[in-house]
2 protein chains.
Amino acid sequence: MKKPSLTQPVDTKTIILNEAVRLFAKHGYSDVSMRDIAEAVGIRAPALYNHFTDKQNLYLAAVSQAFAEKNQAFSELFSKGGTPAQQLEKFVYYLCESVGNDPDFRRLLQREVLDGDEARLRVLAKNVFEEQFLTITRLAKQLAPTCDAHMLTISIAGLVLHHFEFGPLRRFFPGSRAEHEDPKYIAKHVVNLLFNGLDGRNHKKRK
Amino acid sequence: MKKPSLTQPVDTKTIILNEAVRLFAKHGYSDVSMRDIAEAVGIRAPALYNHFTDKQNLYLAAVSQAFAEKNQAFSELFSKGGTPAQQLEKFVYYLCESVGNDPDFRRLLQREVLDGDEARLRVLAKNVFEEQFLTITRLAKQLAPTCDAHMLTISIAGLVLHHFEFGPLRRFFPGSRAEHEDPKYIAKHVVNLLFNGLDGRNHKKRK
DNA sequence: GACTCCTTAATTAACATTCATTAATATGAA
DNA sequence: TTCATATTAATGAATGTTAATTAAGGAGTC
């Protein structure tokens, strides 16, 4: 069916998607026009309609693509075994690096959570995040049996995500330093907080 | 200067601001037209220009108003003394109630953090949140002297905020229950996590 | 190879709509 | 009257999208 022809028919669609992801993540759906995307690609706006039926269709394809690849590296995380504590620590580091190195993904997620309709959010939860959510929830149950594991999973993700999401505002708070945006530094802080709570002095063994 | 006249001249401006806050919080700057706001108020769009110079001006005024009142109840929180741990617990409960009962405020904050330019974010940090930030940082230093207090403050705020921000997506995760959106339940969870870390069994005395 | 034919993907031009904003004007109370 | 506040009408720009057209490559037939 899909015959990759000659010049670059498949390539154009990929380029469009990449530019769309970048622009939608940066400015949001309503602040990116079809002309903006076309210009970034190097074509005219009507040419976009050879690849996508309309703007919404292009947006959904862009978001899907941005979220699609996020399930591969994750699975490998837990293949190597380790104690639950070690696995959680690995996950926090993975999440920090992942979110820190892909601001487009993070911003698209923020925008979807803010403005996505129920249908889109349901798909997002089921198809993109459910596996990861269940894995962390299982871990949470082992590590903190008396805690609401559902809530704890949200807490862990939120703890990481918010350090990145709040960056633009946090920068103007007293005591801000460059390392506060460093994924490794954030991960270390979060891991410490999770395992020891506020009282970071009484370290418990967890390795 | 401001003479509250008769019919409702000052009132109109207030109504405009309230409707603008509501609409901007719900849909975002670009997805709310001057006509939308005017319709919500019950007037025609050009009448808005008797009270605000342009759309940006109206938006800034709306955001300022939504953020303005957030510094009053806060100060009283710490006037009654208590141990640092008690004060922090009070703050978490206050923040949960505050954010939970004012979704417009929360959504506007989310939008500003996502799309606000540097100047606006600087003003927001300095004029709206700095006092609260410094207070919590001071508390953090007392409660966790070995921890990066700046980071810890962000963690505390993020922990609370994310439970509300992620609500629309979290609802579609397995195990979701109604109480997961209850401010008091969230506060209890956050307090427990902060003071005890993952291991919620070894409760430390803190009252 | 040379001739059609179909498909794909690009272009320019144009359209209808919506938007923020302005101008001119009316209304009504002090 | 005067001033503040509202209205209607209009303007110019931007938006998503469609129409008509063109160029180019692949496939089948001679």
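Here is the naming used below: chain letters follow the sequence lines, and residue numbers restart at 1 for every chain.
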Practice prompt. Taking ring-ring contact (aromatic ring centres under 6.0 Å, His included) as the test, write out the residues that go with B:Phe105, two or more places apart.
Written response: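 Partners of B:Phe105 under the ring-ring contact (aromatic ring centres under 6.0 Å, His included) test: B:Phe67.
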Discussion item. Test of understanding: with ring-ring contact (aromatic ring centres under 6.0 Å, His included), list the residues that count as partners of B:Phe91, not counting sequence neighbours.
Written reply: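 Only B:Phe74 meet the ring-ring contact (aromatic ring centres under 6.0 Å, His included) criterion with B:Phe91.
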Euclidean distance, atom [atom1] of residue [X] to atom [atom2] of [N] [Å, nearest integer]:
X	N	atom1	atom2	result
B:Lys55	C:dT22	NZ	P	15 Å
A:Asp54	D:dT15	CG	P	17 Å
B:Tyr49	D:dA9	OH	P	18 Å
B:Leu23	C:dA20	CG	P	12 Å
B:Phe52	C:dA20	CZ	P	15 Å
A:His27	D:dT15	NE2	C1'	17 Å
B:Ile16	D:dA4	CD1	C1'	13 Å
A:Asp31	D:dA14	CG	P	14 Å

Worksheet item: Would you say a side-chain N or O of B:His51 is under 4.0 Å from OP1 or OP2 of D:dA6?
Response: yes
Worksheet item: At under 4.0 Å, does any side-chain N or O of B:Thr12 touch on OP1 or OP2 of D:dA6?
Response: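 True: B:Thr12 side-chain N/O within range (under 4.0 Å) of D:dA6 OP1/OP2.
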Worksheet, complete the sentence: Sequence neighbours excluded, the answer for salt bridge (charged side-chain N to carboxylate O under 4.0 Å, His left out) partners of A:Lys126 is A:Glu130
Discussion item. I'd like to check the salt bridge (charged side-chain N to carboxylate O under 4.0 Å, His left out) partners of A:Lys184; sequence neighbours left out, ordered by chain and number.
Written reply: A:Glu97
Discussion item. So if I take residues 34-41 of chain B and measure heavy-atom distances to DNA chain C, which residues fall below 4.0 Å?
Written reply: B:Met34, B:Arg35
Just the table, please: protein N/O against nucleotides 11-13 of chain C N/O, every pair under 3.5 Å.
| unit_1 | atom_1 | unit_2 | atom_2 | d |
| --- | --- | --- | --- | --- |
| C:dT11 | OP2 | A:Arg44 | N | 2.6 |
| C:dT12 | OP2 | A:Arg44 | NE | 3.0 |

Item to complete: Examine A:His180 together with A:His189 and report whether their ring centres are nearer than 6.0 Å.
Response: no
Discussion item. I'd like to know if the side chain of B:Asp11 pairs up with that of B:Thr14 as donor and acceptor (distance under 3.5 Å, no hydrogens or angles considered).
Written reply: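 No, no side-chain donor-acceptor pair sits under 3.5 Å.
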Worksheet item: Do B:His150 and A:Ser176 have side-chain N/O donor and acceptor atoms under 3.5 Å apart?
Response: no
Worksheet item: Are any side-chain N or O atoms of B:Lys55 and backbone N or O atoms of B:Val32, one a donor and one an acceptor, separated by less than 3.5 Å?
Response: yes
Worksheet entry | Backbone of A:Lys188 reached by a side-chain donor or acceptor of A:Glu89 within 3.5 Å |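 Not a single qualifying donor-acceptor pair exists.
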